[in-house]
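One structure, as structure tokens, below. Some questions next.
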Amino acid sequence: MSKRFKGSISIFFLATSFFMMFTTEHTRALGDYILEFIGLRSWTGEYIGTHLTIFYFLPLTVLGLFLVNKYAIRGWGIKGRNVLIIFVVLIIGFTSVTNITAKIIKRNSDGLLSIGFDSESSIISFESEDMKYTEFNANIVMTNYGKEERKFYLTIVSPFPDSEKDMLLNVYKKSGERAIFRLKGNETKTFKIDLDNYDVGKNIHSSVISGEGSIEEIILVDVNSNNKVKLNRNNFFGTELNR
């Protein structure tokens, strides 16, 4: 086995083990999926708390540094600066491939699973008095990666629940019917929910009188099939609730 081959493999191993610990634009850390596939936990909580993936892959990254020093820098004779350049290029390449693959999966997913939810750009604010909303504003950013139009009902999972009754905010027309939302094929749209055009529950039970923050989770119901899909910031691919 040539010195160049050993050196190249060591750099690739270092970049791969390092990349496994970090999230990308559309996915959690790839190491999370690997650990969960073999039955291990990737976080102490449900994607909150301590990120256990780091504890599994950090020793591999340290091993990668040792191998790079032995086989790439000393064995192959490549300069440390060039190792860093190759490392960065590999990380950028891994990230690009991962994001492209995630979009392809969404594009070919069935029904509402083709829709992606941008949690970071989706915000909610409200004020209430005497157990009624006096102000309510929500901007929800979604993208339909598929080619076909999707029609759905929308439920916002409140980031400020005081009880289970206040957790799910169904969006209704002013007439009292469930509001129908649409996304054309390959369309990104911001849905604006306010009390001038919609109702999200006339009476609430929460003692929380005001709040503002990001929307971390929504539930969509297909108008035609009634299939339910949960989209949240930790799962770009979505989860079907009635399967």
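Note that these values count all heavy atoms, side chains included, but never hydrogens, waters or copies made by symmetry.
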If you group Ile, Leu, Val, Met, Phe, Trp and Tyr by side-chain heavy-atom gaps below 4.5 Å, do Trp43 and Leu40 land in one group?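 Different hydrophobic clusters.
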My understanding is that only one of Phe12, Phe57, Phe87 makes a ring pair (Phe, Tyr, Trp, His ring centres under 6.0 Å) with Phe18; could you say which? Phe87
Going from CZ on Arg233 to CD on Glu120, what distance comes out if it is rounded to the nearest 0.5 angstrom? 6.0 Å
Search all heavy atoms of Ile215 against all heavy atoms of Ser119 and return the closest pair with its distance. O-OG, 2.8 Å
Just do the side-chain hydrogen bond (donor to acceptor under 3.5 Å, both in side chains) check on Ser42 and Glu36 with the steps written out, would you? CA-CA 7 Å; Ser42 58; Glu36 291 164 10; 2.7 Å; yes
With sequence neighbours excluded, what pairs up with Glu135 under the salt bridge (Lys or Arg N to Asp or Glu O under 4.0 Å) test? none
Would you kindly confirm whether Tyr153 and Ile140 end up in one hydrophobic cluster when ILVMFWY residues are joined by side chain heavy atoms under 4.5 Å apart? no
Tested for side chain to side chain contact (heavy atoms under 4.5 Å, CB included) against Phe117, the lone hit among Val141, Asn235, Leu231 is Leu231
To the nearest 0.5 Å, tell me how far Leu14 CG sits from Asn69 CG.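 Result: 11.5 Å between the selected atoms.
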Per the side chain to side chain donor-acceptor pair (under 3.5 Å) rule, which among Asn144, Asn108, Thr143 passes with Ser114?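 When side chain to side chain donor-acceptor pair (under 3.5 Å) is applied between Ser114 and each of Asn144, Asn108, Thr143, only Asn144 qualifies.
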Check for a donor-acceptor pair, side chain of Lys192 on one end and backbone N or O of Asn137 on the other, with a separation under 3.5 Å. no
Nearest 0.5 Å please: distance from the OG1 atom of Thr24 over to the CZ atom of Phe94. 13.0 Å
Rounded distance [0.5 Å steps], NE2 in His51 versus CE in Met21: 9.5 Å
Return the set of residues passing salt bridge (Lys or Arg N to Asp or Glu O under 4.0 Å) with Glu148 (not counting sequence neighbours), or none when no residue passes.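 Here the qualifying residues are Arg150.
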Looking at Tyr71 versus Phe13, is the centre-to-centre ring distance below 6.0 Å? no
Which residue in the set Lys189, Lys147, Glu149 passes side chain to side chain contact (heavy atoms under 4.5 Å, CB included) when paired with Lys184?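 With Lys184 as partner, side chain to side chain contact (heavy atoms under 4.5 Å, CB included) holds for just one option, Glu149.
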Glu177: salt bridge (Lys or Arg N to Asp or Glu O under 4.0 Å) partners, not counting sequence neighbours: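 Lys173.
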Using side-chain heavy atoms (C-beta onward) and a distance below 4.5 Å, is Leu241 in contact with Val229? no
Over all atoms of both residues, closest heavy-atom pair of Tyr145 and Lys103: CE2-CG, 4.0 Å
Please report whether the ring centroid of Tyr198 lies less than 6.0 Å from that of Phe191. no
